[in-house]
Amino acid sequence: MNQQLLSQLNEAQRAAAAHMNGAMMVIAGAGSGKTRVLAYRIANLVQSGIDPFNILALTFTNKAAKEMKERIGKLVGDQEARNIWMGTFHSIFARILRIECDRINYPRDFTIYDTTDAKSLVKDIIKEMGLDDKIYKPGTVYNRISSCKNNLISPQDYLKDVDLIADDRQTGKPKMAEIYAKYDMRLFKSGAMDFDDLLFKTNVLLRDFPEVLHRYQHKFQFILVDEYQDTNFAQYLIVKQLGAVHENVCVVGDDAQSIYAFRGANIQNILNFRRDYPEFAMYKLEQNYRSTKVIVEAANSIISKNKDQIKKQVWTDNEQGQPIRVHKAATDNDEGNFVSNQIFITKQEKGAAFKDFAILYRTNAQSRAFEEALRKLNIPYRIYGGLSFYQRKEIKDLLAYFRLTCNPNDEEALKRVINYPTRGIGKTTLDKLVVGAAEREISIWDMIARSQEVGVSGAALNKIMEFVTMIKSFQVDLNLKNAYDLGHHIASHSGLLKDLYADRTPEGVARYDNIQELLNGMKEFSDRKELENSESIASLSDFLIDVALLTDADNVDDGDNDKVSMMTIHGAKGLEFPYVNIVGMEENLFPSQLSLNSREEMEEERRLFYVAITRAEKRATLSYALSRYRWGQLSYCEPSRFIEEIDEQYLEMPSAPAARTAPRGIDFSKERSGFSTGYSAPKPRAHAPQETPAPVSPPPNFKKVSAAAPTSGPGLFDNSPPATADQIQPGVEVMHDKFGKGKVLSLEGEAPDIKATIFFPSAGQKQLLLKFAKLKVL
DNA sequence: TTAGGCGCTGTTTTT
DNA sequence: CAGCGCCTAA
């Protein structure tokens, strides 16, 4: 191995990176230089004369692929690095499917449905079948279908699977198999694949077309898989098939960081690896270079509570470091203020940059309190995950036009834009077409040509034909214009740009700007592709494939990158920050209440916590709130069990009871105006009062009297607080904002969910939840 | 047909 | 507190 490369690795890393032929597995503890080893091994392969075209490197996220490519580029040059097949499972196999699609009767320009499209299709099918969508919840149904695909269970297999059928019968969803079959058929008729299909169909391709299998088996002489613990069965099998000839399969992972079991990832794959390649070489990376001793050892103490794990001892030579701080806050807003203050102070004290800080939470919904708190101190931040750029309505709308142009059978795209901007094609007309198409098992686009059969005529027919003509006019340019030029053309000629321009509200302007940004992205894309391959133009469908698989916020460069990062713990995997705040450390939040049922699920939560802690280089801070608003309602919380699970010696617990700042409802700082897009850089803002001492704790059901008080009836000027729960008793006369005077007949349920049956002379008998009804006792 | 209002319901995590 | 779906009024 190249001497210079060699010198930059430790012994264990070097051994793994220098490995040439034969299967190998690297078990790499957090922060042990896993990516480094992968990059160096690839660099070593290339320097040893292996053609980059013969190397396949699979990662889990776009981010990881990009980073790896850059690192390899630095080691062996960008030219070589570019030729390596490196990317996510989904993007690599989308690329291969596109080459081979005619074998499985898919159009070359097949579209990729994102989760929203897929769920929408499921929903339509459930509706068309006349099923109750309260029993067949589209999201749940979709998840089940998804997990089938990840386990390579086709609709036909499903019908034959007694266990699945029995399970469905038991849960009262006997039509599940039928929905799955219909869903699959509809995707096919639409020339579309969902995310899972990219793996499923690849397996079909490799199974049914030996010549294809052979070609790729020989092409990919070396296969490397990152984050192997997160692969599912479909991915496992692809790797196994492709690697079967050369057996130069290298997998890298950490069982302690397996956090995607919920989506079909299977630790079993690691065991299968031993079985499939009995002669494999095993390397363990146990030295952590990222974190302090405190963090490494605390993390070890956490993960040791798990039963399922591969033995390893992660250690570090780094300094001892500061203890893990635990903070108790009174409310979720206080937690936000604490974190934001700490960031402010730490930045001063340690001379750190904003980008050295991360706020990690279990669910995306938790970000709000932190956004507000950071804004108060003018701290710049960036939220990762959540609604991505490509999921915004205006972007999806324009993309739908693109999709329809490339693939007119794309049902979801068609439904999205056939009447947007409004062109007088209403629900009735569309329904006729959808039903007709479903009956004939053809696409809606094909159904349009036979509109008369389902009674679409007159004005409606004319409008539709105009629409068809427009799309066809776009199609003419598919091979003449590049993605950018055609994209621009479509944006203006579809009427979308004009429609958005008409809206002069700040939100409307933002939407218009987003479209411009998308077009800018297309320009960049087109220029780049044409630079790489000067003989052909960058087509619109190339762009669509790229975009469909680009989910996480990859467009980081908006000039100023010194920002605090906020993201879910899942999103933080693979990243590191000097200072990490893990927030919302509460029972039922983290660990999630959905994980309380089984040991396996709890262990996954614990691994998630392990991932969170090990993101920190210098210091980790845990915080929790005693009460927080959850789905619009105050609820009380207990500290997470995970706090106790950390060996005490590494902790700095709160000494005094948390200082109580203003509870929600009378917090004057909430009077701030302005709206949040939840995305853009924070705007400079006048300093709001930091902390308002709270005179008295209001009752839990305290609600500020809104400015939009009822305009008639008694109580107009009555600003007295609403009645507390114990004042409401059967027989008591009460006053309601809308229904007026009434008499309590009975009560049921327990606080805070007490429901009262009240008779109102003006409105009749009503059942009201006390926590919502602002009742006043007369 | 469309827009706007009201009431219901729901919160993991992501390619 | 949202976001969504359904309903109603124009």
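Labels below follow one simple rule: chain letters A, B, ... track the order of the sequence lines, proteins then strands, and each chain is numbered from 1.
One atom, CG of L97(A), and another, P of dT15(B), lie 19 Å apart when rounded to the nearest Å. dT14(B) atom P lies 18 Å from atom OH of Y390(A), rounded to whole Å. Between the C1' atom of dA2(C) and the CD atom of Q633(A) lies a distance of 14 Å, rounded to the nearest Å. Between Y260(A) atom OH and dT14(B) atom C1' the separation is 5 Å, expressed in whole Å. As rounded to whole Å, 12 Å separates atom P of dG5(C) from atom NZ of K119(A). As a whole-Å value, the separation of K393(A) NZ from dC4(C) C1' is 14 Å. Taking atom CG on D133(A) and atom P on dG5(C), their separation rounds to 9 Å, with Å as the unit. dT15(B) atom C1' lies 9 Å from atom CG of D196(A), rounded to whole Å.
Side-chain proximity of T422(A) to the nucleotides dA3(B), dC4(C), dG10(B) is greatest for dA3(B). Between dT2(B), dG5(C), dT15(B), one nucleotide has an atom nearer to the side chain of F195(A) than all others, and that is dT15(B). Side-chain proximity of H90(A) to the nucleotides dT1(B), dT15(B), dT13(B) is greatest for dT15(B). Comparing dT13(B), dT1(B), dA2(C) by their closest approach to the side chain of T363(A) singles out dT13(B). With dT2(B), dT14(B), dT1(B) as the candidates, the nucleotide lying closest to the side chain of N419(A) is dT2(B). You'll find that the side chain of F262(A) is closest to dT13(B), out of dT13(B), dG10(B), dT15(B). Comparing dT15(B), dA2(C), dC4(C) by their closest approach to the side chain of K123(A) singles out dC4(C).
Between R607(A) and E604(A) there is a salt bridge, with a side-chain nitrogen of the basic residue lying less than 4.0 Å from a carboxylate oxygen of the acidic one.
F89(A) comes within 4.0 angstrom of nothing in the nucleic acid, heavy atoms only.
A gap of 15 Å separates the P atoms of dT13(B) and dC4(C), to the nearest Å.
Side chain of S635(A) to backbone of R628(A): a donor-acceptor contact under 3.5 angstrom is found.
The phosphate of dA2(C) (OP1 or OP2) has a side-chain N or O of R368(A) nearer than 4.0 angstrom.
Environment of NZ in K432(A): crowded, with over 12 heavy atoms of neighbouring residues, nucleotides or ligands closer than 6.0 Å. In this structure, K396(A) places its NZ atom where more than 12 heavy-atom neighbours from other residues, nucleotides or ligands lie under 6.0 Å away. Within 6.0 Å of CD in E128(A) there are more than 12 heavy atoms belonging to other residues, nucleotides or ligands.
Positionally, the nearest nucleotide of DNA chain B for K134(A) lies more toward the 5' end than for the other of K134(A) and S592(A). Comparing T428(A) and H570(A), the nucleotide of DNA chain B nearest to each residue sits closer to the 5' end for T428(A).
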